[in-house]
Amino acid sequence: MGVILETKNLTVSFDNKKILDNINIKIEEKKITAIIGPSGCGKSTFIKSLNRMIEEEINSRIFGEILLKGKNIREMDKEQVREKIGMVFQNPTPFPLSIYKNMIYAPVYYGIKDKEQLKGIIEEKLRLAGLYEEVKDDLNMKATKLSGGQQQRLCIARALTVEPEILLLDEPCSALDIKNTANIEEMLIKLSDKYTIVIVTHNLSQAKRIADSTAFIFNGEIVEYGKTKELFENPKNLRTQQYIEGIFG
């Protein structure tokens, strides 16, 4: 397995204020990459750039390249990019519809009409998200009636229905308790056998537990990027060491 996603001199600004500055990173296929750093350092801007979501924000300007398997995503149709690079946000965002309708929304949009095929997709992805046994008898229940942890797992399952190659997660556990966080982490480790995962997290212990590689962003720049164990146990940069020791951030 090699590099699936690469940024070259990625720079993002809002109203002429630079948020990301010359980000160069290579993300490995079917691995978990964690993005850490203090609040306001550019983590969410970075992850939203990777599927062109940042372009929807007013007064954003993007420079540099983002390459998906060597192809510049800004030369691809946005829908195609977001089909290949799915995203789950900090707060669960189920549609105010049934669990069933949440799960078939994207497959139907992309042309799948066969009910048996849809049923198979629903079961497979809910199982991947560790949610199927909990909801299989209540698929017509409104998704917003699920618990917060269940809603987040539903959103992850829904993102998988279009078979993305990469799954981006922006602080997916920040609103969850310890038990639900553990469920999500266990699920992400299993999903990394099949999908490439990039997760923004403020939880350093979470990065240590689940990430293969970790990038430390500070003031819009990548200070250090490498194997998680090495970055935490033997950081090469003093700022990395000070951040993981809690001296700032």
Side-chain angles (χ1 to χ4, degrees), residues 30-32 34 47-48 51 53 79-203 205-207 209-212:
K30 294 181 182 175
K31 300 286 186 184
I32 299 177
I47 204 170
K48 285 193 274 186
N51 71 345
M53 194 73 73
E79 282 194 5
Q80 185 186 14
V81 172
R82 290 170 193 166
E83 186 180 0
K84 291 180 179 294
I85 307 176
M87 186 159 186
V88 176
F89 297 95
Q90 181 172 354
N91 294 310
T93 54
F95 304 139
L97 305 167
S98 68
I99 296 168
Y100 179 85
K101 286 184 177 177
N102 267 267
M103 290 298 294
I104 68 166
Y105 188 90
V108 168
Y109 178 83
Y110 286 107
I112 296 175
K113 299 288 191 288
D114 183 80
K115 286 189 176 181
E116 285 303 309
Q117 188 178 358
L118 290 169
K119 185 179 174 184
I121 291 170
I122 290 169
E123 180 173 345
E124 180 195 358
K125 303 312 177 190
L126 287 175
R127 283 193 185 281
L128 281 173
L131 192 57
Y132 183 72
E133 293 299 328
E134 296 170 39
V135 302
K136 63 182 180 182
D137 298 322
D138 297 303
L139 293 178
N140 291 318
M141 182 176 79
K142 204 168 184 180
T144 49
K145 290 186 176 180
L146 294 169
S147 71
Q150 288 175 321
Q151 287 185 30
Q152 193 63 295
R153 282 184 284 151
L154 174 68
C155 291
I156 292 170
R158 188 180 65 193
L160 298 178
T161 58
V162 293
E163 288 298 344
E165 296 183 57
I166 299 170
L167 187 61
L168 310 174
L169 302 114
D170 191 2
E171 301 274 16
C173 302
S174 64
L176 304 181
D177 61 20
I178 292 171
K179 183 181 177 184
N180 279 301
T181 295
N183 287 338
I184 298 277
E185 289 179 3
E186 182 183 352
M187 175 194 61
L188 293 178
I189 290 168
K190 289 177 181 175
L191 287 177
S192 66
D193 287 339
K194 189 173 182 181
Y195 304 95
T196 302
I197 294 169
V198 183
I199 178 170
V200 165
T201 180
H202 67 281
N203 185 332
S205 296
Q206 181 173 74
R209 283 192 298 267
I210 71 170
D212 299 288

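Residue numbers run from 1 in the order of the sequence given. These numbers were taken from a predicted model, which means no experiment stands behind them.
- Checked for salt-bridge contact, Glu186 and Arg209 miss the test: no charged N lies under 4.0 Å from a carboxylate O.
- Lys136 NZ to Glu123 CD: the interatomic distance, rounded to the nearest 0.5 Å, is 8.5 Å.
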Is there a side chain to side chain contact (heavy atoms under 4.5 Å, CB included) between Glu83 and Glu163 once you walk through the steps? CA-CA 7 Å; Glu83 186 180 0; Glu163 288 298 344; over 6 Å; no

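- In this structure, OG1 in Thr201 is found 5.5 Å from CD in Glu171, a value given to the nearest 0.5 Å.
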Is there a side chain to side chain contact (heavy atoms under 4.5 Å, CB included) between Thr161 and Met103 once you walk through the steps? CA-CA 7 Å; Thr161 58; Met103 290 298 294; 3.6 Å; yes

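- Counted within 6.0 Å of NZ on Lys190, heavy atoms from surrounding residues, nucleotides or ligands total 12 or fewer; the atom is thus considered open.
- Contact of the Pro96 side chain with the Lys142 side chain is registered, since non-hydrogen atoms from C-beta on lie closer than 4.5 Å.
- The structure places CD of Gln206 at 4.5 Å from CD1 of Ile199, a figure rounded to the nearest 0.5 Å.
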Show the numbers, then the answer: is there a side chain to side chain contact (heavy atoms under 4.5 Å, CB included) between Arg153 and Ile184? CA-CA 7 Å; Arg153 282 184 284 151; Ile184 298 277; 3.5 Å; yes

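- Expressed to the nearest 0.5 Å, how far OG1 of Thr144 lies from CG of Leu146 amounts to 8.0 Å.
- Looking at residues two or more places apart in sequence or on another chain, you find a side-chain contact (heavy atoms from CB on, under 4.5 Å) between Glu165 and Ile4, Lys69, Lys84.
- Atom CG of Asp212 is separated from atom NZ of Lys30 by 13.5 Å, given to the nearest 0.5 angstrom.
- When each of Leu188, Ile166, Ile156 is tested with Ile197 by the rule side-chain contact (heavy atoms from CB on, under 4.5 Å), just one qualifies, namely Leu188.
- Nearest heavy atom pair, residue Val162 against residue Pro107, reads CG1-N, 4.5 Å.
- Of the residues listed (Ile99, Asn180, Leu131, Asn183), the one engaging Gln150 in a side-chain contact (heavy atoms from CB on, under 4.5 Å) is Leu131, and it is the only one.
- Nearest heavy atoms, Leu154 versus Ala143: CD2-CB, 3.5 Å.
- Considering all non-hydrogen atoms of both residues, Ala129 and Ala157 come closest at CB-CB, 3.7 Å.
- Applying the side-chain hydrogen bond (donor to acceptor under 3.5 Å, both in side chains) definition to pairs two or more places apart or across chains, those involving residues 94-105 are Asn102-Arg158.
- For the atom pair OG1 of Thr181 and CD of Gln152, the computed distance is 10.0 Å after rounding to the nearest 0.5 Å.
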Decide side chain to side chain contact (heavy atoms under 4.5 Å, CB included) for Ile47 and Met87; before the verdict, give the C-alpha distance in whole Å, the side-chain angles of both, and the deciding distance to 0.1 Å. CA-CA 9 Å; Ile47 204 170; Met87 186 159 186; 3.7 Å; yes

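- Within the structure, side-chain hydrogen bond (donor to acceptor under 3.5 Å, both in side chains) pairs that include any residue of residues 110-121 do not occur (at least two apart or interchain).
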